[in-house]
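All ligand and atom numbering here is 1-based and tracks the order in the structure.
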Amino acid sequence: MSEVATPGKPRRLSDRVLDGDPRAIARAISLIEDEAPQAAELVRALFPHTGGAYLVGITGPPGAGKSTLVDRLTAQLRQSDETVGVIAVDPTSPYTGGAILGDRVRMQAHAGDAGVFIRSMATRGHLGGLARATHEAAQVLDAAGYDWVVIETVGVGQDEVDIVRIADMSIVTLVPGAGDDVQAMKAGIMEIADVFVVNKADREGADRLAASIEMMLALEPFGPDQWRPPVLRTQATTGAGVPELAAAIDAFRTHATAEHLSRRRVRDEYRLRERLASRFMDHVDAEVIRTGELAVTLDRIAERTLDPYSAAAELLSRALGRDRSQPVVLDHIGIAVRDIAAAVAFYRDALGLEVVATEEVAAQGVRAHFVPVGESSLELLEPTTAESPIAAFVEKRGPGLHHITLRVDDIRAALARLRDRGIRLIDDEPRTGAEGALVAFVHPSSAHGVLVELTQVVKD
Ligand SMILES: Nc1nc2c(ncn2[C@@H]2O[C@H](COP(=O)(O)OP(=O)(O)O)[C@@H](O)[C@H]2O)c(=O)[nH]1
Ligand SMILES: [Mg+2]
């Protein structure tokens, strides 16, 4: 990428971020916080340039001294000339702007140091939004070339656990004298700790707290090669213990190379799922839930005339286009094939469809290969024995369309309607087919030469 700006044409924000321009970085994070439409494109453009930074999460109760500690740690890391980006997330002070003011004060400690970028995240995002915004802000700093990204967050709820899951390693900070700290910490937070820090070690009870964490760890069955979280004591205000903390971070980083990759993979999976869930919810909100429907649904749930499981199932079914108000849909088309390899090559390789499942129906001497096409699918039918009806069909009529299957709401009602009209049926009564579905065939002589199968999905 060119370092030289084209005169007259403003350079793209992502390029400026990649150059490490602090104003561009700040702007990019603001766009992410505001969930601005450009944010998605920005994150996408930066993504290929991420993965270089080491992400350290530091969590703990409010007032534990996290910010002070991060400051000290930043100074420590700067001694070896490594650059540090800091993201502070504190949902416990959403209105005061105190975090912002604090940042200004903190900024001054590193003022004029181009190797440090400190930013606090606003908390206006909806549930889960904060974790996403934090993750994306970390990606911005990562892409901007910071060696370390330190994410400070209050350890109180799921959102914060989610935030820490973003990190390559997690430091859990506790302080003496805040009651039964270890028990008070959410179990989820304790489990993610790679390093424990007992801060305010100058205070009464620091040794006791450290001992109780050690005791808790003693109950864990650590394997010989497994990382055992060390319990460190720090005094962030003076910086005592901070070099030891930096050393522990290095030790973890060195130890956990293989684990690191699998952790990133877990993290990637988590992000992907989270992203998908959020996109899906947006879709449900925009396209599935009708105006006023949510309120009515909630009323019915409150009255106990509807349960949330059924309500969710109904919305899901509509979101997936399985709206029950559509009485007849094409379920699949059965195609008898002579040469399955050639057929698969045609549908998969030439048409770009995917064969998702293969199912053997021994009783019928047939193997079915399912090829989804939109809402329905093709079912490639391969005879497995010479006695198979499919083999007979191919023998007599050649390979090709074997049957079509229509899915109906009420198969008995559909059969009755057909009978009333004098349509010839193969099955007067539905039979039980695959997965408990009810099925019945209409005779081809009444269906213009096509074997028509009706099916009704039976809900369990
Ligand atoms: N006595 C003592 N106070 C500390 C220590 N570390 C931080 N503090 C103080 O604890 C308060 C909260 O610190 P802060 O870093 O804002 O905590 P955070 O909410 O976890 O980010 C501040 O007044 C700090 O000066 C420490 O090691 N000893
Ligand atoms: Mg703080």
Side-chain angles (χ1 to χ4, degrees), residues 29 33 55-77 84-110 116-123 130-131 133-134 137-138 141 148-157 159-161 163-164 166-167 169-179 181-182 184-186 189-190 192-193 195-210 213 230-246 248-249:
I29 295 178
E33 262 179 340
L55 275 56
V56 178
I58 173 156
T59 188
K66 298 179 298 296
S67 298
T68 317
L69 198 59
V70 168
D71 256 7
R72 292 284 180 180
L73 185 61
T74 300
Q76 178 77 32
L77 294 169
V84 185
V86 177
I87 301 168
V89 186
D90 191 350
T92 56
S93 53
Y95 308 112
T96 59
I100 310 285
L101 184 65
D103 276 356
R104 271 198 212 116
V105 175
R106 294 171 66 187
M107 284 287 219
Q108 276 159 17
H110 304 283
V116 177
F117 184 97
I118 300 177
R119 169 67 180 245
S120 77
M121 296 293 288
T123 58
L130 188 57
T134 306
L141 294 173
W148 297 86
V149 175
V150 181
I151 302 164
E152 174 197 331
T153 177
V154 175
V156 283
D159 226 21
E160 290 69 46
V161 176
I163 288 167
V164 177
I166 295 162
M169 79 167 294
S170 296
I171 300 169
V172 169
T173 312
L174 298 169
V175 277
D181 304 85
V182 179
M185 293 294 290
K186 286 270 157 54
I189 298 256
M190 297 309 273
I192 52 155
V195 172
F196 286 97
V197 168
V198 174
N199 189 39
K200 306 198 183 179
D202 51 315
R203 285 214 190 148
E204 163 79 33
D207 290 339
R208 212 167 44 236
L209 175 58
I213 299 167
V231 182
L232 306 176
R233 263 157 276 196
T234 59
Q235 196 178 333
T237 37
T238 63
V242 173
E244 288 79 3
L245 173 58
I249 292 171

Nearest 0.5 Å please: distance from the CG atom of L73 over to the OG1 atom of T68.
12.5 Å
G63 touching ligand 1 at heavy-atom level, < 4.0 angstrom:
yes
From N199 CG over to L232 CG, what is the distance, rounded to the nearest 0.5 angstrom?
11.0 Å
Heavy-atom distance under 4.5 Å between the side chains of L245 and I171, does that happen here?
yes
Show which atoms of ligand 1 fall inside a sub-4.0 Å distance from at least one heavy-atom site of G65.
7 (C), 13 (O), 14 (P), 15 (O), 17 (O), 18 (P), 20 (O)
Is the contact between D202 and ligand 1 made by the side chain, the backbone, both, or neither, using heavy atoms and a 4.0 Å cut-off?
side chain
Is any side-chain heavy atom of I249 closer than 4.5 Å to a side-chain heavy atom of W148?
yes
How many angstroms lie between atom CD1 of I213 and atom CG of L174, to the nearest 0.5 angstrom?
4.5 Å
With heavy atoms of E152 as the reference, note each atom of ligand 1 found under 4.0 Å away.
21 (O)
Is the distance between the Mg ion (ligand 2) and the nearest N/O/S atom of S67 smaller than 2.8 Å?
yes
List ligand 1 atoms under 4.0 Å from S67, heavy atoms only on the residue side.
15 (O), 18 (P), 21 (O)
Ligand-residue contact atoms, ligand 1 with N199, heavy atoms, under 4.0 Å:
5 (C), 6 (N), 7 (C), 27 (O)
When rounded to the nearest 0.5 angstrom, what is the spacing between CZ in R72 and OG1 in T237?
7.5 Å
Are E244 and T234 close enough that some pair of their side-chain heavy atoms sits under 4.5 Å apart?
no
For the Mg ion (ligand 2), give me the closest N/O/S atom belonging to E152, just the atom name.
OE2
State the OG1-CD1 distance between T153 and I58, to the nearest 0.5 angstrom.
10.5 Å
Compute the shortest N/O to N/O distance between L69 and ligand 1 and return yes if it is under 3.5 Å, no if not.
no
Does K200, backbone or side chain, put an N or O under 3.5 Å from an N or O of ligand 1?
yes
Just how far is it from atom NZ of K200 to atom CG of L69, taken to the nearest 0.5 Å?
11.0 Å
Quick check on contacts: which atoms of ligand 1 are under 4.0 angstrom from a heavy atom of Q235?
27 (O)
Which ligand 1 atoms are under 4.0 Å away from a heavy-atom of T68?
7 (C), 13 (O), 14 (P), 15 (O), 24 (C)
Contacting atoms of ligand 1, where contact means under 4.0 angstrom from a heavy atom of A236
6 (N), 26 (C), 27 (O)
